[in-house]
Amino acid sequence: MATLTPAVSSQDHTLGPKDAAIEIVEYGDFQCPFCREAYYIIKQWLDEYENRFRFVFRHFPLTEAHEYALDAALSAEAAGRQNRFWDMHDAIYDDQPALNDGLLVRLAKTLDLDLHKFSEDVEDKSLLIRVNDDFESGVRSGVNGTPTFFVNGKRYNGDYKDIPSMFPR
Amino acid sequence: MLQKGDKAPDFTLSATPERSVTLSNLRGKNVILAFYPADWSPVCSDQMTLYNEMLKYFEKYNAELLGISVDGAWCHKAFAKVRQLNFDLLSDFEPKGEVSRLYGVYDNGISQRALFVIDANGIIQWSYLSPIGENPGADGIIKALEDIKSN
């Protein structure tokens with residue numbers, strides 16, 4: 001039950017080695033405070049355990065509950081078009097308490113993105129489709145809130161803070 | 001608890017203090033019934049928040065979502081307003097739990113956390129009883145709607 005569908009592919013945003021023994025997929029929302037907490041924890045894992053796991057982020061914006069969640073997801077994708085997805089991902093979580101549309105543009109500036117391209121891409125329908133596809137894949141995979149984690153394709157139902165105990169020595 | 005193949009018992013329940021919903025008036029559409037224990041409790045809120053996000057996907061399957069608990073219409077109204085829910089929450093309030101009983105999901109004074117997917121002819125095509133403290137998500141609902149669509 002609760003199997004990741006579709007599996008991780010080259011379409012996904014990933015960190016860490018492709019052949020890592022442990023692959024963690026997070027379905028997250030940029031405006032969700034619990035996801036922000038998870039962001040700091042995973043950042044720490046990436047420092048501490050660097051190559052022992054692979055991390056994948058998929059969008060699960062709760063757009064009715066969180067006014068800026070969708071815009072934030074689109075901004076991260078637009079930054080991704082300039083190969084800066086993870087920088088934008090980190091920047092949004094770092095500044096989450098101040099999240100609004102103005103902040104997203106300021107972050108794009110701070111990251112020194114091509115702002116003209118960024119503002120065009122944010123409006124690009126194909127990025128919206130991508131975010132919605134992530135959301136739908138989450139629903140099909142059994143995501144029931146944010147953040148939800150999958151480890152090696154299975155939903156992780158326990159406390160995600162325990163996941164590093166599965167990392168190979 | 002009623003199962004796949006059972007006829008969905010008809011009911012009329014309040015959706016707001018002024019308006020009621022009758023299941024048989026929704027013939028021609030698929031209907032998702034989400035029974036849940038109570039407004040405001042944390043798990044339900046996550047579950048209803050998730051379903052609120054899912055409305056456009058349910059629409060694609062010609063499906064209407066109805067939440068049902070034993071809370072009163074005014075309680076539902078306040079809850080729906082705070083969570084900005086865009087679907088009906090029905091009050092199984094008087095006689096208390098009558099509809100939940102009909103579907104076999106009433107226990108200890110509250111509705112169980114149970115899901116039913118009813119097809120356009122009023123026949124239950126899928127049902128699921130979730131552990132009460134667990135948010136069942138929407139994957140089972142989507143799968144059931146897909147099965148209806150492909151038949």
Side-chain angles (χ1 to χ4, degrees), chain A residues 1-7 25-38 58-74 125 128-150 153-160, chain B residues 32 34-37 39-61 63 65 67 79-89 113-115 117 126 128-150:
Chain A
M1 64 156 283
T3 302
L4 187 69
T5 326
V25 176
E26 176 190 357
Y27 279 89
D29 169 321
F30 282 111
Q31 207 179 337
C32 157
F34 303 103
C35 296
R36 183 175 194 236
E37 193 187 323
R58 286 183 177 174
H59 300 286
F60 203 79
L62 298 171
T63 57
E64 300 287 334
H66 295 144
E67 188 177 358
Y68 300 110
L70 180 60
D71 288 344
L74 293 171
K125 203 119 197 230
L128 178 64
I129 290 170
R130 186 204 161 117
V131 170
N132 284 340
D133 283 351
D134 270 7
F135 184 89
E136 205 168 342
S137 81
V139 169
R140 278 172 204 283
S141 303
V143 172
N144 54 12
T146 53
T148 292
F149 292 92
F150 290 78
K154 296 284 171 212
R155 191 175 68 198
Y156 192 79
N157 296 327
D159 181 349
Y160 71 86
Chain B
I32 303 151
F35 289 90
Y36 64 102
D39 290 344
W40 306 109
S41 78
V43 174
C44 316
S45 309
D46 291 346
Q47 188 187 0
M48 295 305 140
T49 300
L50 174 68
Y51 293 174
N52 201 36
E53 304 287 339
M54 294 288 307
L55 296 177
K56 61 176 183 275
Y57 296 94
F58 293 153
E59 223 167 84
K60 280 203 292 198
Y61 294 98
L65 169 69
F79 178 60
K81 188 171 173 199
V82 168
R83 308 270 181 208
Q84 298 180 40
L85 302 181
N86 298 313
F87 59 95
D88 284 333
L89 299 176
R113 197 178 299 284
L115 298 169
V117 172
W126 180 76
Y128 176 73
L129 180 68
S130 175
I132 198 142
E134 204 171 279
N135 176 348
D139 49 326
I141 296 173
I142 292 291
K143 195 174 172 303
L145 290 171
E146 267 172 356
D147 289 347
I148 290 174
K149 201 175 174 183
S150 61

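Chain naming here is simple, since letters A, B, ... match the order of the sequence lines and numbering starts at 1 in each.
Heavy atoms of other residues, nucleotides or ligands lying less than 6.0 angstrom from CD of Glu146(B) number more than 12.
Interface remark: of the candidates Gly142(A), Gly138(A), Gly145(A), Gly142(A) forms the most heavy-atom pairs closer than 4.5 Å to chain B.
Between the NZ atom of Lys56(B) and the CD atom of Glu136(A) there is a distance of 9.0 Å, given to the nearest 0.5 Å.
Considering all non-hydrogen atoms of both residues, Tyr57(B) and Asn132(A) come closest at OH-O, 3.4 Å. In this structure, Ala65(A) and Thr49(B) approach most closely via the heavy-atom pair CB-CG2, 4.1 Å.
At least one donor-acceptor pair closer than 3.5 Å links the side chain of Asn135(B) to the backbone N or O of Asn144(A).
Contacts of Val139(A) with chain B are made by both backbone and side-chain atoms, with heavy-atom separations under 4.5 Å.
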Does the side chain to side chain donor-acceptor pair (under 3.5 Å) test come out yes or no for Thr63(A) and Glu53(B), once each step is laid out? CA-CA 7 Å; Thr63(A) 57; Glu53(B) 304 287 339; 3.0 Å; yes
Worked verdict on Met54(B) versus Phe135(A) for side-chain contact (heavy atoms from CB on, under 4.5 Å): CA-CA 9 Å; Met54(B) 294 288 307; Phe135(A) 184 89; 3.8 Å; yes
